[in-house]
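Just below is one structure, and these are the notes that go with it.
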Amino acid sequence: MDENDSLTLTKTPTARRPLLGLTILVVEDSRYACEAIRLMCLRSGARIRRADCLRSARRHLSVYRPSVVIVDLGLPDGSGLDLIAELASAIPRVTGLLGLSGNTDMAAEAINAGADGFLDKPLDSLAAFQQGVLAALPETYRPAGPRAVAQVQITPDPMAYRDDMNHAANLLEDHRDGPVLDYVAQFLDGVARSADDKALLQATNDLAELRARGRTPNATVKALIAMVQDRISRRVAI
């Protein structure tokens, strides 16, 4: 924990800023999803740090100890479940530990791995985000007394979505088969859910189903590449 984190933790949460005093490490490879969390943290009073893979997260955690860690379950260098299990058994333990995924079937696995809660993508409701984080924390970290629940929808900058599309395009340029393609399908599934991009979500689901059957039709991959490129070339991606 650095000096600034220590100072932040002395602040008391309020009804309007219920996460005041918390430092949240978000382990998430999608810039769009992370931007949504950043905006929610800003409105809620929490500080945010980001790691885009397991290696980066472990490097962060070797230097400082956040109050809360939110871990996406599908990361480029492994499963977020492994990091959750590590943090759940670490001494001292982080105060709040949450899993994050667009696949709600993974909620039970995150809890079994040691998470205190689970957040479902898309993350667009400020109230749901605040409630999810607070539910994972001891009562002493929650604001005292009743509070109005903020019914606010969060919309990240579309440029963050284009950043994700560029990342996927770069991977697809060099990898049209094998494990990297499986990761790209998983990555784009999460991004599409976060941005409510139904056409892209359907395309990634189609690819994932074919891969699960041991097939990788070239036409399917080409169609996905064309869809990603189309989103990059638009002035406003979504």
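Numbers here simply count residues along the sequence, with the first being 1.
Residue Leu98 holds its CG atom at 8.0 Å from CD1 of Ile111, rounded to the nearest 0.5 Å. Considering CG of Asp197 and CG of Asp189, their distance stands at 11.0 Å, rounded to 0.5 Å. One distance of note links OG of Ser44 with CD1 of Ile37; it measures 11.5 Å at 0.5 Å rounding.
When Asp72, Val69, Asp52 are each tested for a side-chain contact (heavy atoms from CB on, under 4.5 Å) with Val27, only one passes: Val69. Of the listed residues (Arg38, Lys121, Arg49), just one forms a salt bridge (charged side-chain N to carboxylate O under 4.0 Å, His left out) with Glu28, and that residue is Lys121.
The side-chain contact (heavy atoms from CB on, under 4.5 Å) test applied to Gln153 returns Asp124, Ser125, not counting sequence neighbours. For Glu86, the side-chain hydrogen bond (donor to acceptor under 3.5 Å, both in side chains) test picks out Arg58, with sequence neighbours left out. With sequence neighbours excluded, no residue forms a side-chain hydrogen bond (donor to acceptor under 3.5 Å, both in side chains) with Glu209. Asn103 pairs by the side-chain contact (heavy atoms from CB on, under 4.5 Å) definition with Ser101, Asp105, Met106, not counting sequence neighbours. Under the side-chain hydrogen bond (donor to acceptor under 3.5 Å, both in side chains) criterion, Arg31 pairs with no residue, sequence neighbours left out. Listed by chain and residue number, Leu73, Leu81, Ile84, Ala115, Phe118 satisfy the side-chain contact (heavy atoms from CB on, under 4.5 Å) test with Ala110 (two or more places apart in sequence, or in another chain). Contacts of Asn112 classified as side-chain contact (heavy atoms from CB on, under 4.5 Å), with partners at least two apart in sequence or in another chain: none. Partners of Arg93 according to the salt bridge (charged side-chain N to carboxylate O under 4.0 Å, His left out) rule, which considers only residues two or more places apart in sequence or in another chain, are Asp116. Remark: Asn166 pairs with no residue by the side-chain hydrogen bond (donor to acceptor under 3.5 Å, both in side chains) rule, at least two apart or across chains.
Residues Leu201 and Val228 fall into different hydrophobic clusters, defined by Ile, Leu, Val, Met, Phe, Trp and Tyr side chains chained together at heavy-atom separations under 4.5 Å. Under the 4.5 Å side-chain heavy-atom criterion for Ile, Leu, Val, Met, Phe, Trp and Tyr, Leu200 and Leu171 are members of the same hydrophobic cluster. No continuous path of ILVMFWY side-chain contacts below 4.5 Å connects Leu42 to Ile70, so the two sit in separate hydrophobic clusters.
The minimum heavy-atom distance between Ser194 and Tyr32, with the atom names listed, is O-CE2, 3.5 Å. Contact record, Arg43 with Leu126: CD-CD2, 3.9 Å, taken as the closest heavy-atom pair. Residues Pro138 and Thr95 come closest through the heavy atom pair CD-CG2, 3.5 Å. Contact between Cys34 and Arg50 at its shortest, heavy atoms only, is SG-CD, 3.1 Å. Nearest approach of Tyr161 to Ala195, heavy atoms of both residues: CE1-CB, 3.4 Å. Between Thr204 and Ala185, the shortest heavy-atom contact is CB-O, 3.9 Å.
Pairs passing the side chain to side chain donor-acceptor pair (under 3.5 Å) check and including a residue from residues 178-187, sequence neighbours excluded, read Asp29-Tyr183, Asp182-Arg211. Residue pairs meeting the side chain to side chain donor-acceptor pair (under 3.5 Å) criterion with at least one partner in residues 73-83, sequence neighbours excluded, are absent. The salt bridge (charged side-chain N to carboxylate O under 4.0 Å, His left out) analysis of residues 212-222, with sequence neighbours excluded, yields no pairs.
Side-chain contact between Tyr141 and Pro13 is absent, with no heavy-atom pair separated by less than 4.5 Å.
Asp120 has no carboxylate O lying under 4.0 Å from a charged side-chain N of Arg193, or vice versa, which leaves the two without a salt bridge. In summary, Lys198 and Asp196 engage in a salt bridge, as defined by a charged side-chain N under 4.0 Å from a carboxylate O.
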Give the intermediate values and the outcome of side-chain contact (heavy atoms from CB on, under 4.5 Å) for residues Val133 and Leu22.
CA-CA 10 Å; Val133 173; Leu22 298 179; 4.3 Å; yes

Between Val184 and Leu207, is the side-chain contact (heavy atoms from CB on, under 4.5 Å) condition met? List the steps.
CA-CA 10 Å; Val184 174; Leu207 177 59; over 6 Å; no

Should Ile154 and Leu123 be marked as a side-chain contact (heavy atoms from CB on, under 4.5 Å) after you check the CA-CA gap, both sets of side-chain angles, and the distance that decides it?
CA-CA 8 Å; Ile154 297 296; Leu123 288 172; over 6 Å; no

Could you walk me through whether Leu19 and Leu134 pass the side-chain contact (heavy atoms from CB on, under 4.5 Å) check?
CA-CA 8 Å; Leu19 305 184; Leu134 289 173; 3.7 Å; yes

